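Taking it in order: structure first as structure tokens, then the write-up.
Atoms considered below: every heavy atom in the structure, side chains included; atoms not considered: hydrogens, waters and symmetry mates. All values reported here derive from a predicted model rather than from experimental measurement.
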Amino acid sequence: MLVTVGCSPKLTQRYEKLLPPVANDNSDVTNDIEIYAAARDVPGAVVVNQYNLTDHGQAAYINALSALKPKDADALQANLFPDISGLDKGPSSIDNTTFTKRLLFTVLSHTPYEADRITKLSIRVHLDPKVTNVKVLTFDKITTEYQTVDLGSISQTGALNLGATANYGVAGKITTGTAGGTTSTTVTSPDGSSVVTGLPSTTTGSELDPSFGAGLSASYSNSTTQSVNLKNRYIALTGYIKDDVLTFDEESITGVNLTGNILSDIKFKITDKSDTYTYSVSNLTTDGKPTDPDKIKVKIVPVYEPGIKGPLTMTVDYDITVRHVMNEDGRKTISESDDEIAYYTISQKSTAVDLTLENRDDLAVKKWFIGNGANALKVTDLVTLDSGIMYFTSYDNCLAFFRWLKKVKFDPKVGLLSGDYQFVPTTGTLTDLISKQTIEKN
């Protein structure tokens, strides 16, 4: 007897057949793929204080005040609403040449072939330093991710067991019969005579029957085991800078279409900038009365602004690879192993989108000053002799300083002296400036 065993395990495959690639195609496979780009501000942390209470918070605050005595209520409000002119904890400088934007890229595909998918995507943002003087400092939200995919393995085992037996033996039963003769016995009687007696002889034995046995046995076992122990590493999303081009590369895995949104928080810096000195003033009141000029605190806050005109616009282009399924059977099934495919590519599509990072007005720092038309309050550093219009980065601080000016005493001829600083108007006297003042924005 001959037993033959065979097996042919087949690993999971990506497709059934690969056709030659198609480059720069304008058919309905790729012409309905669109990419949009936009820049948004990164949401900041919400600061909860007495100035932005919710409706429920305001109601609770009013109820708490109504339950207090007048003096207790005054003390509570004094602690909740301190002097907003105290800016000792304000920033040491303001740099609007460095900013963070959240870039949003939206990929849409309106292909009529449901089984098709985008397998590779490369989006490029051109940072031409000769035009924009823009550099990328950091990537905050985009990283290179390494992931694993289970490809699978198949193992098959088989076993054949053969067995043979043979034996020989005898079997029988006990029988009784007459042998055909007699036996004699001599007996002596009491009177001296002898008597001879005769009986038939009997023989006892076994009847023997021979036996023979033979046997053949066979067994076959076959088992197939499929496990997921092969790993394939791939790069899901990568961002990098090369030759002043900010590039985002994305690579698909089996069954995943690269449509949707790509988000990335990018920190930019504009190298062309201008600088201006601004001021914050604190400790303007003591026990509800104006503080003496020599005791107020004057803080210089340098301001850096980008020296650009108009919007900061950059060119965006992209490369796309589409996995197109050719055969009808492949389009009907979810599994891709029976697909006959061809790769369609779009390279540097001419209808590139433009990405506007910022407008010039958005990067300008709002500065407030005390003045009326061309006449403005100036500040002179008596140590360095630097002089210029006294700009404030806060309207509230500018208003608080003006109210202090109206209450404090000074010599109208020399202006106001405070430590190392002198405050005078551009033209005329400080008294005239204060009486006719307006707070304006630069």
Side-chain angles (χ1 to χ4, degrees), residues 38-45 47 84-103 125-141 241 244 246 264-282 296-314 355-371 376-401 419-423 426 439-442:
R40 298 287 185 267
D41 291 329
V42 178
V47 178
I84 59 176
S85 65
L87 299 179
D88 292 336
K89 298 182 180 180
S92 58
S93 64
I94 299 176
D95 188 357
N96 274 18
T97 64
T98 300
F99 57 92
T100 301
K101 284 294 181 178
R102 177 164 295 175
L103 302 189
V125 181
H126 295 268
L127 308 174
D128 188 353
K130 298 178 181 179
V131 178
T132 60
N133 295 319
V134 176
K135 296 292 184 182
V136 174
L137 298 182
T138 59
F139 290 88
D140 294 333
K141 288 289 185 180
I241 303 172
D244 293 313
L246 174 61
S264 178
D265 290 355
I266 310 295
K267 190 174 184 179
F268 297 92
K269 183 174 182 61
I270 302 176
T271 58
D272 185 9
K273 64 181 181 180
S274 60
D275 58 278
T276 305
Y277 287 120
T278 63
Y279 300 84
S280 66
V281 185
S282 60
I296 67 172
K297 297 180 180 179
V298 180
K299 180 180 178 181
I300 300 176
V301 182
V303 170
Y304 304 99
E305 299 174 280
I308 61 173
K309 297 180 180 180
L312 185 59
T313 303
M314 299 180 180
L355 176 65
T356 300
L357 286 181
E358 283 284 9
N359 290 308
R360 174 64 180 85
D361 293 340
D362 297 331
L363 296 175
V365 178
K366 295 180 176 61
K367 298 180 288 292
W368 306 88
F369 64 94
I370 299 172
L377 178 66
K378 295 173 53 179
V379 59
T380 301
D381 189 326
L382 300 178
V383 177
T384 63
L385 300 182
D386 292 332
S387 180
I389 296 177
M390 189 174 185
Y391 290 110
F392 297 81
T393 56
S394 166
Y395 173 83
D396 293 325
N397 191 232
C398 183
L399 179 60
F401 186 71
D420 294 333
Y421 297 97
Q422 181 186 29
F423 304 99
T426 305
I439 295 179
E440 297 186 3
K441 182 177 65 173
N442 182 30

I need the minimum non-hydrogen distance between [X] and [Y], along with the two atoms involved.
X	Y	answer
Asp381	Val383	OD1-N, 2.9 Å
Phe369	Lys441	CE2-C, 4.2 Å
Ser387	Lys378	OG-CE, 3.5 Å
Pro43	Arg102	CD-NH1, 3.7 Å
Pro311	Asn359	CB-OD1, 3.1 Å

Contact check, side chains of [X] and [Y], non-hydrogen atoms, under 4.5 Å:
X	Y	value
Asp244	His126	no
Leu363	Ile270	yes
Cys398	Ile370	yes
Glu358	Val134	no

Legend entry - Sole candidate of Lys273, Lys267, Lys135 that passes side-chain contact (heavy atoms from CB on, under 4.5 Å) when paired with Thr98: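 Passing option: Lys267.
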Legend entry - Leu127, Leu246, Thr356 screened by side-chain contact (heavy atoms from CB on, under 4.5 Å) with Met314, the one that passes: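 For Met314, the side-chain contact (heavy atoms from CB on, under 4.5 Å) check succeeds only for Leu127.
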Legend entry - Criterion ring pair (Phe, Tyr, Trp, His ring centres under 6.0 Å) against Phe401, the qualifying member of Phe423, Tyr279, Trp368: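 The passing option is Phe423.
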With a 3.5 Å distance limit and no angle check, can you tell me whether [X] reaches the backbone of [Y] through a side-chain donor-acceptor pair?
X	Y	value
Ser264	Leu103	no
Gln422	Leu382	no
Lys299	Lys297	no
Ser93	Pro302	no
Thr278	Val301	yes

Distance, nearest 0.5 Å, that separates [atom1] of [X] from [atom2] of [Y]:
X	Y	atom1	atom2	answer
Ile94	Asp275	CD1	CG	13.0 Å
Tyr421	Thr380	OH	OG1	11.0 Å
Leu377	Tyr391	CG	OH	11.5 Å
Leu357	Asp362	CG	CG	11.5 Å
Leu137	Ile266	CG	CD1	10.5 Å
Lys366	Thr393	NZ	OG1	12.0 Å

Inset, instruction - Determine, for Asp265 against Lys101, whether the closest basic-nitrogen to carboxylate-oxygen distance falls under 4.0 angstrom. - result: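 Between Lys101 and Asp265 there is no salt bridge, as every charged N stays at least 4.0 Å from the carboxylate O atoms.
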Inset, instruction - Mind running side chain to side chain contact (heavy atoms under 4.5 Å, CB included) on Val136 and Phe268 for me, showing each step along the way? - result: CA-CA 5 Å; Val136 174; Phe268 297 92; 3.7 Å; yes
